[in-house]
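To start, the structure under review is shown below, and the notes come after it.
Predicted model only: the values in this text are computed from it and were never measured.
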There are 2 protein chains.
Amino acid sequence: MKKGEQVTIHDIAKALGIDSSTVSRALNNSTRVSKTTKQKILDKATELGYQRNTLASNLRTNKTNTIGVIVPRISRNFFSSVISGIEETAQKAGYNVIICQSFEDFEKEQKLMETLLSNRVDGVLISISMQTETFDHLMPYLNHGGPIVFYDRPCYIENCSSISVDDYKASFMATEHLIENGCKNIVHFSGPQINPLYKNRKRGYVDALKKHGLNFNENYCLESKLSENDGIVFAKEIIKMGHIDGIYSSNDTAAIAAIQYLKSKGVNIPKDIAVVGFNNDPISSVIEPSLTTINQPDFEMGKTAASLLIQQIQDTSFKKTSKVLDVELIVRQSSQHKKV
Amino acid sequence: MKKGEQVTIHDIAKALGIDSSTVSRALNNSTRVSKTTKQKILDKATELGYQRNTLASNLRTNKTNTIGVIVPRISRNFFSSVISGIEETAQKAGYNVIICQSFEDFEKEQKLMETLLSNRVDGVLISISMQTETFDHLMPYLNHGGPIVFYDRPCYIENCSSISVDDYKASFMATEHLIENGCKNIVHFSGPQINPLYKNRKRGYVDALKKHGLNFNENYCLESKLSENDGIVFAKEIIKMGHIDGIYSSNDTAAIAAIQYLKSKGVNIPKDIAVVGFNNDPISSVIEPSLTTINQPDFEMGKTAASLLIQQIQDTSFKKTSKVLDVELIVRQSSQHKKV
DNA sequence: TTTAAAAATACAATCGATTGTATTTTTAAA
DNA sequence: TTTAAAAATACAATCGATTGTATTTTTAAA
């Protein structure tokens, strides 16, 4: 940005022979400026091509009207839908949104928090990375009085709102669905147990087994970061195990990778092994057999998260709340095992 | 952000009984401050939990070390890969990245440009929306001296660098591939012709037909925004047309939607109709039959775009350039028509 | 020990907008 | 026409950091 070309309120003031404070008030549509003057100022502003310097304004008013969003990866469908929800709500309330990717990396997440604090965003929405095990990097921001709301991946920090999905129930439903379809030896693809989200999903899986008199085998719970490659690795293990007839995966990515690998090895899905995923990625309806999965209200989660955060920004006495949204089991072909 | 909690360089200065200018210089590691003083200042800074106020700094130095990225939709795989490339290069050069979605909406794009100008980002990377037909909304930013680099969707504005893919060649290859596989009546799914990108793709399609002595039928060129729904609408038209044996789609989304619809109507892909897409979305390798498509160097495009922009930011005499990256035809099952 | 040069630090203005207070102008009642 | 109240505008300080210039302190040569 070339310096010489910046038009400021002082230029407008000088051009009209008035004070810059009046210009400022006019541009903010204050009642303290007469209509005639206001019009003159507005006209001159467009004439000179004035554009408010938000940096200066933000510095003075001590707020940025900006919320920062930390997301593990924007490329995942679930997250990009959440972001759309956030943007919609934020825009309506007059807030800008800065989107940052942590790439599931703790150090990157730390740096992003620093940048957001340094840029004095009014609030932060964060879905913590899978690597994150401590929360010290959030404290400077919280100590400066900045509100944080957790979405998708809950995180129990005092005074922070969070919004998530009923992972336990979803998992229970998914596992029970496999059992009802005749599966007896169900493997679970799980994520890092440090995260309550994956813990809850595991609990749901275990409890569903228990309810139906199937005993839980710790070896059947395969933990990873649920990447495509993890799905393939797990599929290989499953073939080695030999007698597995069901897979409940904590995300679609790993489930789909596993299905493709198993199919390539001549395993019939769902006749030999039934599969249920999690997320309802677009790809899940395209793969053959189409994948039974859990649909989350992603867009709504984004809207709710943004709305909780904005309430906290605007009303510091706002009581912190935790919201849990409901999910839906989408039954497709991959789970039609051997229905009696 | 609560006001009372802000620690400034003045607090550090007061605590140490020195001047704030010295504190500022120390924090910026200037040679004008002695090692002992520097250490004292750094220690006090961490003790007080000081975090630089970037707003103030940016206002004073008249740069933000931030580049703005306008992208039609982050959820599209191609764009999220481009963004990853941008972030990597930007981070290495010490720039922050603000990601904004236009959702292919012109008005939204206008607003985003205003916000970016207002926030005085040092440069802008933009892939213009499909709705965009005029470029007046870019002028205020350009007039303020801010550099803009176009990526993916070229846009010929004086003094602006751009980086794109050889769409003509890609299209020619794709169409020729269908012809070589025995297709005689090839439909082209095209995008808005206002955009050179889709124009070039159409040209490639037309020229490939010509080269192989097939005559070009304007009715075979179906124009839309290439959404999922557009793909279905086109598929219906194709069934009506009756004698189509090949589809070359300007993106995978429409191609895949069309394949699914055609399959549901009993059309055999690729025996009855062969299909080639564009983008190499992850879904293209999962659908059955797997989709022959064009792979673009998305990550590299992001890196190159960021690097071009940063060069322009740092060296105003930098000569504007247009780069064209090469593409690759990924042959899969959907195009195996009736190879002789 | 004196003194000039170099190093370190302080002073003061500035970036562009906002805002509490003071002053001037306008309005309307007396 | 006078005058008090209201409206409009100007003045001046401020947000937090940076930076050119001035001053002080330190270093090292004479």
Task: Minimum-distance nucleotide (side-chain atoms of B/S24 versus D/dT19, C/dG16, C/dT21) - done: D/dT19
Open item on the list: Without decimals, in angstroms, what is the distance between B/I9 CD1 and C/dC11 C1'?
Closed with: 14 Å
Open item on the list: Between the base of C/dC15 and the side chain of A/T8, is one N or O donor paired with an acceptor at under 3.5 angstrom?
Closed with: no
Open item on the list: Does B/R120 form a side-chain hydrogen bond (donor to acceptor under 3.5 Å, both in side chains) with A/Q51? I'd like the steps, not just the answer.
Closed with: CA-CA 10 Å; B/R120 301 293 192 267; A/Q51 286 287 138; over 6 Å; no
TODO: Can you tell me the distance, in whole Å, between the CZ atom of A/R25 and the P atom of C/dT21?
DONE: 12 Å
Open item on the list: Suppose we define a pair by two distances each less than 3.5 Å, Watson-Crick or G-U wobble; what does C/dG20 pair with here?
Closed with: D/dC11
Task: Length of the CZ-P vector between B/R120 and C/dC15, whole Å - done: 14 Å
Task: B/R153 and B/E104 ion-paired at < 4.0 Å - done: yes
- [ ] Calculate the interatomic distance between A/Q6 atom CD and C/dC15 atom C1'; express it in whole Å.
- [x] 9 Å
Task: Presence of B/S21 side-chain N/O under 4.0 Å of C/dA10 phosphate oxygens OP1/OP2 - done: no
Task: Ion pair A/E88/A/K92, N-O distance below 4.0 Å - done: yes
TODO: Choose from C/dA17, D/dA10, C/dT9 the nucleotide whose nearest atom is closest to any side-chain atom of A/T22.
DONE: D/dA10
Open item on the list: Is there a side-chain hydrogen bond (donor to acceptor under 3.5 Å, both in side chains) between A/S34 and A/T37? Walk through the geometry before answering.
Closed with: CA-CA 5 Å; A/S34 69; A/T37 316; 2.6 Å; yes
Open item on the list: What's A/N58 touching, base or sugar-phosphate or nothing? Going by heavy atoms closer than 4.0 Å.
Closed with: nothing
Task: Heavy atoms of other groups near B/K323 NZ, more than 12 under 6.0 Å - done: no
- [ ] For B/S57, report the nucleic acid contact type (base, sugar-phosphate, nothing); a contact means any heavy atom under 4.0 Å.
- [x] sugar-phosphate
- [ ] Would you indicate what A/T54 reaches in the nucleic acid, counting non-hydrogen atoms under 4.0 angstrom: base, sugar-phosphate, or nothing?
- [x] nothing
- [ ] Describe the nucleic acid contact of A/L27 in one word from base, sugar-phosphate, nothing, applying a heavy-atom distance below 4.0 Å.
- [x] nothing
Open item on the list: Please report the distance, rounded to the nearest Å, between NZ in B/K14 and C1' in C/dA10.
Closed with: 16 Å
- [ ] Go ahead and name the base partner of D/dA29; Watson-Crick or wobble counts if both distances stay under 3.5 Å, otherwise write none.
- [x] C/dT2
Open item on the list: For a quick check of understanding: with a heavy-atom distance under 4.0 Å over all strands, which category does A/R52 fall into, base, sugar-phosphate or nothing?
Closed with: sugar-phosphate
Task: Salt-bridge criterion met for B/E47 and B/K44 (N-O under 4.0 Å) - done: yes
Open item on the list: What residues from residues 33-41 of chain A pass a heavy-atom cutoff of under 4.0 Å to DNA chain D?
Closed with: A/V33, A/S34, A/T37
Task: Nearest-Å distance for atom pair NE2/P, residues B/H10 and C/dA12 - done: 15 Å
Task: Spacing between B/I18 atom CD1 and D/dT23 atom C1', to the nearest angstrom - done: 16 Å
TODO: Take atom NZ of B/K14 as the centre, draw a 6.0 Å sphere, and report whether it contains more than 12 heavy atoms from other residues, nucleotides or ligands.
DONE: no
- [ ] Could you tell me whether the side chain of B/R32 has a donor or acceptor atom within less than 3.5 Å of a complementary atom in the base of D/dT24?
- [x] no
- [ ] Could you tell me whether A/L55 contacts a base, only the sugar-phosphate backbone, or nothing, with contacts defined as non-hydrogen atoms closer than 4.0 Å?
- [x] nothing
Task: Residues B/E114 and B/K111 bridged, charged N to O under 4.0 Å - done: no
Task: Candidates D/dG16, C/dA17, C/dC11 - which lies nearest the side chain of B/D19 - done: C/dC11
- [ ] Whole angstrom is fine here: how far is it from CG in B/N62 over to C1' in D/dT19?
- [x] 14 Å
